[in-house]
Amino acid sequence: MIRILFLRSLLFATPFAIYGAYLLLMHIGGRGVGGRPPWTTLFVAGLSLVAASFVYVGLTEGQSTSGIYVPPHMKDGRIVPGHVEKQSP
């Protein structure tokens, strides 16, 4: 769970890091960047990346739901996790 939260936080922070690198490069190059920082745009870009990651995970991971669900049960003294068994044709 910590890994998932860290990954989402990293995705959210990516636009801010890119903007910070841009400001640093402009400062090193002697060019000033005027105007207000685009906080709203960076925030929306970060949220878009997080939302896209949720969509990607939802479409690519997980087990098939077409079949018969077998709930968790005990077998030979061990807990067998719940799973979906495919139906025979």
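Predicted, not measured: the structure shown is a model, and the values here were computed from it. What's counted below: heavy atoms across the whole structure, side chains too, no hydrogens, waters or symmetry copies.
- Note that CD of Glu85 and NE2 of His83 are 4.0 Å apart. Values are rounded to the nearest 0.5 Å.
- The shortest side-chain heavy-atom distance between Met74 and Ile79 falls under the 4.5 Å cut-off.
- One hydrophobic cluster holds both Leu47 and Tyr19 under the rule that ILVMFWY side chains link at heavy-atom gaps under 4.5 Å.
- Other residues, nucleotides and ligands contribute at most 12 non-hydrogen atoms within 6.0 Å of the CZ atom of Phe6.
- With hydrophobic clusters built from ILVMFWY side chains whose heavy atoms lie under 4.5 angstrom apart, Trp39 shares a cluster with Met26.
- Applying the side-chain hydrogen bond (donor to acceptor under 3.5 Å, both in side chains) criterion to Ser53, with sequence neighbours excluded, gives Arg8.
- Proximity of Leu49 to Pro15: side-chain heavy atoms (C-beta onward) are separated by under 4.5 Å at one or more points.
- Atoms CZ and CG, from Arg31 and Leu25 in turn, are 11.0 Å apart once rounded to the nearest 0.5 Å.
- Val55 and Leu7 fall into different hydrophobic clusters, where Ile, Leu, Val, Met, Phe, Trp and Tyr residues are linked whenever their side-chain heavy atoms come under 4.5 Å apart, directly or through other members.
- Summarising the geometry, atom CG belonging to Leu59 is positioned 13.5 Å from atom CZ belonging to Phe54; distances are rounded to the nearest 0.5 Å.
- The six-membered or imidazole ring of Phe43 lies away from that of Phe16, with a centre-to-centre distance of 6.0 Å or more.
- The minimum heavy-atom distance between Tyr69 and Pro71, with the atom names listed, is CE2-CA, 3.6 Å.
- Ile18 and Val50 fall into different hydrophobic clusters, where Ile, Leu, Val, Met, Phe, Trp and Tyr residues are linked whenever their side-chain heavy atoms come under 4.5 Å apart, directly or through other members.
- Hydrophobic cluster membership differs between Tyr56 and Leu11, with clusters built from Ile, Leu, Val, Met, Phe, Trp and Tyr side chains linked at under 4.5 angstrom.
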